[in-house]
Amino acid sequence: MSKPRHYLQFNDFSAPEYAYLLHRAAQLKGKFKSYEKHQSLTDHTLALIFEKASTRTRVSFEAGMYQLGGYVVHLTTADSQLGRSEPIEDSARVISRMVDIVMIRTFEQAKIEKFAEYSRVPVINGLTNEFHPCQILADIFTFIENRGSIQGKTVAWVGDGNNMANTWLQAAQLLDFKLHISAPSGYELDEKLALGAKADPEHFQTFENPLEACRDAHLVTTDVWTSMGYEEENAQRRKAFANWKVDAAMMAVAQPDALFMHCLPAHRGEEVDTEVIDGPQSVVWDEAENRMHVQKALLEFLLIGEQTA
């Protein structure tokens, strides 16, 4: 039995494979918008495993799989043995004998990698503390949809050097665009975690001043100051991140047609001003919907390979 293909971080695919996935996502979105039935994954079953709760991840994967003609099994740590009384590798061995593909949203990247090591079917990273590849895939698709190719463009990341920032860094290096990063002291991005020995400074630049990070950017994006699992740090994070709120001044120094994105949920008045997230440059609602379309392309690709019809 051949080893399955997994999607655990953005670097798991090549630039040509992303070109296909982004094109396929546009095709599938077109079918969805024109009410054209498309059920390429009939009789396939997706297991959704949540250790971290999510609205958008569950709805986008579940709705997408049903639209493709498949089935969904939803599991949480409350109603499964994952990571509790059963070793992860045993859970992987059992679950992967009963379904065709697995999505896991959890804490440590090591946990999903261990599950994938013992899984007989593809495993998708729905989010870990270290990486969030499905979200960045959706963000890049949204940029292309609104502004064309992202190659050679500049993306400004303002805020925590978290899983989103790590994944943006991988994407910048792989798809040849520039990432400007500004984070408070103590919360910087760890490029060695994201890129290992492959770090190429040509594709990223760090800034102490978030306003300067946004200068001439084609896309400005951010995330909440306190991600899930770090709630005990909320008070100190709010103090540390006070100057890292995306506001009208930051958008003003970006390109005139710059977009604003946020992976949601958003805290208006904290990491972003209301006038920015609800303003004309914001594409956060397209971005949220596009999770479903890119994930449909991803599910197809991992289960049945490249498709044309």
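The structure presented is a predicted model; accordingly, all values stated were derived computationally and were not measured. Count residues from 1 along the sequence.
Of the candidates Thr128, Asn166, Asn163, Gln109 forms a side-chain hydrogen bond (donor to acceptor under 3.5 Å, both in side chains) with just one, namely Thr128.
The hydrophobic clustering, which links ILVMFWY residues whose side-chain heavy atoms are closer than 4.5 Å, places Leu193 and Leu127 apart. Phe141 and Leu174 end up in the same hydrophobic cluster when Ile, Leu, Val, Met, Phe, Trp and Tyr side chains are linked at under 4.5 Å. Taken together through direct or relayed side-chain contacts under 4.5 Å among Ile, Leu, Val, Met, Phe, Trp and Tyr, Ile136 and Trp157 form part of one hydrophobic cluster. In this structure, Met65 is not a member of the same hydrophobic cluster as Leu28, with clusters built from ILVMFWY side-chain heavy atoms closer than 4.5 Å. Following chains of ILVMFWY side-chain contacts shorter than 4.5 Å, one can reach Leu41 starting from Leu48, so the two form part of one hydrophobic cluster.
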Checking Asp223 against Asn162 for the side chain to side chain contact (heavy atoms under 4.5 Å, CB included) test, could you report, in this order, the C-alpha distance in whole Å, the side-chain angles of both residues, the deciding distance, and whether it holds? CA-CA 9 Å; Asp223 193 3; Asn162 61 8; 3.0 Å; yes
Show your working on side chain to side chain contact (heavy atoms under 4.5 Å, CB included) between Arg56 and Met292 and close with a plain yes or no. CA-CA 9 Å; Arg56 280 154 293 278; Met292 182 176 73; over 6 Å; no
Using the ring pair (Phe, Tyr, Trp, His ring centres under 6.0 Å) rule, take His218 and Phe143 through it: C-alpha gap first, then chi angles, then the decisive distance, then the call. CA-CA 9 Å; His218 300 87; Phe143 184 89; 7.0 Å; no
Applying side-chain hydrogen bond (donor to acceptor under 3.5 Å, both in side chains) to Asn290 and Thr142, what does each step give before you reach the verdict? CA-CA 7 Å; Asn290 284 337; Thr142 305; 2.9 Å; yes
Apply side chain to side chain contact (heavy atoms under 4.5 Å, CB included) to residues Lys296 and Lys29 and explain how you reach the verdict. CA-CA 9 Å; Lys296 286 166 69 174; Lys29 184 173 183 177; over 6 Å; no
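Judged purely by atom type and a 3.5 angstrom limit, Gln281 uses its side chain to pair as donor or acceptor with the backbone of Ala258. One N or O on the side chain of Glu17 and one on the backbone of Ser14 form a donor-acceptor pair closer than 3.5 Å. Not one N or O on the side chain of Thr45 forms a donor-acceptor pair closer than 3.5 Å with the backbone of Tyr71. Within the 3.5 Å criterion, the main-chain N or O of Thr42 finds a donor-acceptor partner in the side chain of His44. Under the 3.5 Å distance criterion, the side-chain polar atoms of Ser96 are matched with a main-chain donor or acceptor of Arg120. In this structure, the side chain of Ser60 does not engage the main chain of Arg291 through any donor-acceptor pair within 3.5 Å. Side-chain atoms of Lys153 come within 3.5 Å of backbone atoms of Ser149 as a donor-acceptor pair (strictly under, hydrogens ignored). In this structure a side-chain-to-backbone donor-acceptor pair under 3.5 Å is present from Gln170 to Ala194. A distance-only check finds a donor-acceptor pair linking the side chain of Arg5 to the backbone of Asp12 [under 3.5 Å].
Remark: Glu300 engages Arg24 in a salt bridge, criterion side-chain N to carboxylate O under 4.0 Å. The pair Lys178-Glu202 does not meet the salt-bridge criterion, since no charged nitrogen lies less than 4.0 angstrom from a carboxylate oxygen.
The shortest side-chain heavy-atom distance between Val224 and His262 falls under the 4.5 Å cut-off. Within the 4.5 Å cutoff, side-chain heavy atoms of Phe177 are placed close to those of Trp168. Gln27 is not listed as a side-chain neighbour of His38, based on a closest heavy-atom distance of 4.5 Å or more. Ile88 places none of its side-chain heavy atoms less than 4.5 Å from the side chain of Ser91. At a threshold of 4.5 Å between non-hydrogen side-chain atoms, the residues Leu195 and Lys192 do not count as touching. Counting only heavy atoms from C-beta outward, the side chains of Cys134 and Ile124 approach each other to under 4.5 Å. Met261 has its side chain out of reach of Thr222: every pair of non-hydrogen atoms, C-beta onward, lies at least 4.5 Å apart. Ile49 has its side chain out of reach of Thr106: every pair of non-hydrogen atoms, C-beta onward, lies at least 4.5 Å apart.
Ring orientation note: the planes of Phe10 and Tyr18 are close to parallel, at an angle under 30° on the 30°/60° scale. Using bins of under 30°, 30° to 60° and over 60° for the plane-to-plane angle, the ring pair Tyr7/Phe13 lands in the parallel bin.
For an aromatic pair to be called close, the ring centres must be under 6.0 Å apart, and Phe32 with His293 satisfies this. Aromatic ring centres of Phe204 and His180 lie farther apart than the 6.0 Å criterion allows.
Grouping Ile, Leu, Val, Met, Phe, Trp and Tyr residues whose side-chain heavy atoms lie under 4.5 Å apart, directly or via other members, places Leu211 in a hydrophobic cluster with Val158, Tyr187, Val220, Trp225, Phe241, Trp244, Val246, Met250, Met251, Val253, Phe260, Leu264, Val272, Val276, Ile277, Val284, Trp285.
Crowding of Glu232 atom CD: a count of heavy atoms from other residues, nucleotides or ligands under 6.0 Å not exceeding 12.
Judged as a salt bridge (Lys or Arg N to Asp or Glu O under 4.0 Å), the pairs with a partner in residues 258-277 (not counting sequence neighbours) are, in order, Arg238-Glu270, Lys245-Asp273, Arg268-Asp278.
Of all heavy-atom pairs between Arg58 and Ser54, the closest is CB-O, 3.6 Å. When all heavy atoms of Asp43 and Asp100 are compared, the closest pair comes out as O-OD2, 3.9 Å.
By the side chain to side chain contact (heavy atoms under 4.5 Å, CB included) test, Phe107 pairs with Glu51, Lys52, Asn129, sequence neighbours left out.
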